[in-house]
Amino acid sequence: MHVDIVSIFPEYFRPLELSLIGKARARGVLDVHLWDLRDFTHDPHRTVDDTPYGGGPGMVMRPEPWGETLDAVRAEAARLGVDAPLLIVPTPAGELLTQRAAERYAAEPWLAFACGRYEGIDERVLLDARRHMRVEEVSIGDYVLAGGEAATLVIVEAVARLLPGVVGNQASVLDDSHAQGLLEGPAYTKPAVWRGLEVPEVLLSGNHAAIARWRREQAIRRTAVRRPELLDALPPGSLTPHEEAL
Ligand SMILES: COC(=O)COc1cccc(COC(=O)c2cn[nH]c2)c1
């Protein structure tokens with residue numbers, strides 16, 4: 001997978017050189033190309049923002065540098081033989097990121113991320129981008145960040161860990177709870193007793209059917225308490241009558 005990231009702070013993405021993603025890049029599973037929006041300005045101050053039409057606080061990101069940068073990004077995608085690139089724009093006003101969406105993005109050959117700052121990017125940038133690309137405005141939660149960089153790191157990590165060869169144990173990726181539509185239940189490791197706290201007996205029993213049943217019940221109970229709407233969103237018949245009653 002090829003990932004292009006457009007930002008005024010490309011150094012924000014140094015973490016992508018490290019560990020999980022760093023190894024994936026070394027293996028050629030993932031290729032990340034950073035674009036500095038200021039490289040596509042033409043004034044001495046490399047201006048990327050201006051005051052908002054209609055007044056109001058803060059600044060809006062100017063369309064021209066974005067247009068030129070996304071043209072260059074798109075030209076690179078074309079050079080790589082990708083005809084229908086997907087542009088992801090992290091924004092508080094976007095659709096909430098889900099594991100389903102991360103799985104969908106992981107199937108894409110090419111992703112681009114537009115990192116907004118200030119009060120946002122001039123809307124015409126997205127309108128123009130939609131003329132040439134699929135564009136998705138994505139939220140990682142109901143709160144406001146100073147810019148799209150942290151959200152892009154979150155989305156890239158959620159997607160990259162689904163790529164074959166990125167996470168050592170692929171099984172831990174495919175059967176993790178959100179993949180099943182539930183929250184992860186509790187996990188334990190040695191010692192069996194720690195500060196007087198014991199590991200649940202069933203996990204030491206070696207009875208794998210009972211362990212699987214207990215783990216699923218824990219996930220369902222936790223989901224019912226913390227995120228009941230996830231249970232409502234499960235496909236009909238996902239829970240046995242016994243599990244429904246938990
Ligand atoms: C059209 O899109 C834009 O203009 C994006 O502009 C901005 C402006 C400020 C901050 C951000 C970053 O996204 C979030 O804060 C965010 C995403 N998820 N939850 C919070 C993006």
Side-chain angles (χ1 to χ4, degrees), residues 3-16 21 32-41 45-74 77 84-106 108 110-162 178 183 226-227 229-230 233:
V3 173
D4 284 293
I5 301 174
V6 181
S7 167
I8 58 171
F9 296 123
E11 68 280 8
Y12 203 101
F13 295 95
R14 292 279 299 131
L16 291 184
I21 310 286
V32 177
H33 182 177
L34 303 175
W35 301 74
D36 185 340
L37 189 68
R38 291 194 196 277
D39 289 346
F40 294 80
T41 58
H45 299 290
R46 309 181 85 197
T47 313
V48 292
D49 63 323
D50 205 334
T51 53
Y53 273 124
M59 302 289 272
V60 173
M61 298 190 96
R62 296 171 51 230
E64 301 96 328
W66 274 104
E68 289 184 34
T69 311
L70 292 177
D71 287 350
V73 169
R74 198 158 37 86
L86 175 59
L87 177 68
I88 296 174
V89 187
T91 168
E95 282 191 39
L96 192 61
L97 179 71
T98 63
Q99 192 66 15
R100 294 294 88 74
E103 288 161 359
R104 181 162 56 84
Y105 298 151
E108 292 284 336
W110 187 94
L111 293 179
F113 290 85
C115 298
R117 283 254 147 192
Y118 312 106
E119 297 310 306
I121 304 167
D122 186 301
E123 189 67 13
R124 291 168 294 179
V125 171
L126 276 69
L127 294 173
D128 178 58
R130 290 188 198 282
R131 291 167 170 164
H132 317 287
M133 298 186 272
R134 288 169 294 147
V135 178
E136 294 192 17
E137 296 181 63
V138 178
S139 165
I140 61 165
D142 291 333
Y143 38 80
V144 181
L145 304 169
E149 287 78 9
T152 295
L153 279 174
V154 165
I155 300 167
V156 167
E157 180 158 329
V159 172
R161 67 182 286 276
L162 298 174
H178 269 285
L183 298 187
R226 297 180 185 176
R227 298 289 303 281
E229 78 279 8
L230 292 181

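Below, each value reflects all heavy atoms present in this structure, side chains not excepted, and no hydrogens, waters or symmetry copies. Read the numbers this way: they start at 1 and go in the same order the structure lists the ligands and their atoms.
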A.B. asks: Any salt bridge (charged side-chain N to carboxylate O under 4.0 Å, His left out) pairs touching residues 84-102, not counting sequence neighbours?
C.D. replies: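 Those involving residues 84-102 are R100-E103.
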A.B. asks: Which parts of the protein, at residue level, reach under 4.0 Å of ligand 1 through a heavy atom?
C.D. replies: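 Within 4.0 Å of ligand 1, the protein residues are V89, P90, T91, P92, G116, R117, Y118, G120, I121, L126, E137, S139, I140, G141, Y143, V144, L145, G147, G148.
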A.B. asks: Would you list the pairs meeting salt bridge (charged side-chain N to carboxylate O under 4.0 Å, His left out) in which at least one residue belongs to residues 132-146, sequence neighbours left out?
C.D. replies: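 Passing the test, one end in residues 132-146: R104-E136, E108-R134, R130-E137.
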A.B. asks: Using 0.5 Å steps for rounding, measure from the OH atom of Y12 to the CG atom of L34.
C.D. replies: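 With rounding to 0.5 Å, OH (Y12) is 13.5 Å from CG (L34).
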A.B. asks: Less than 4.0 Å between a side-chain N and a carboxylate O, is that true for R38 and D36?
C.D. replies: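 The answer is no: the pair does not qualify as a salt bridge.
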A.B. asks: Using the ring pair (Phe, Tyr, Trp, His ring centres under 6.0 Å) criterion, which residues pair with H132? Sequence neighbours excluded.
C.D. replies: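 Not a single residue meets the ring pair (Phe, Tyr, Trp, His ring centres under 6.0 Å) criterion with H132.
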A.B. asks: Would you check if the side chain of R62 reaches a backbone N or O of T47 as a donor-acceptor pair within less than 3.5 Å?
C.D. replies: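 Answer holds: yes.
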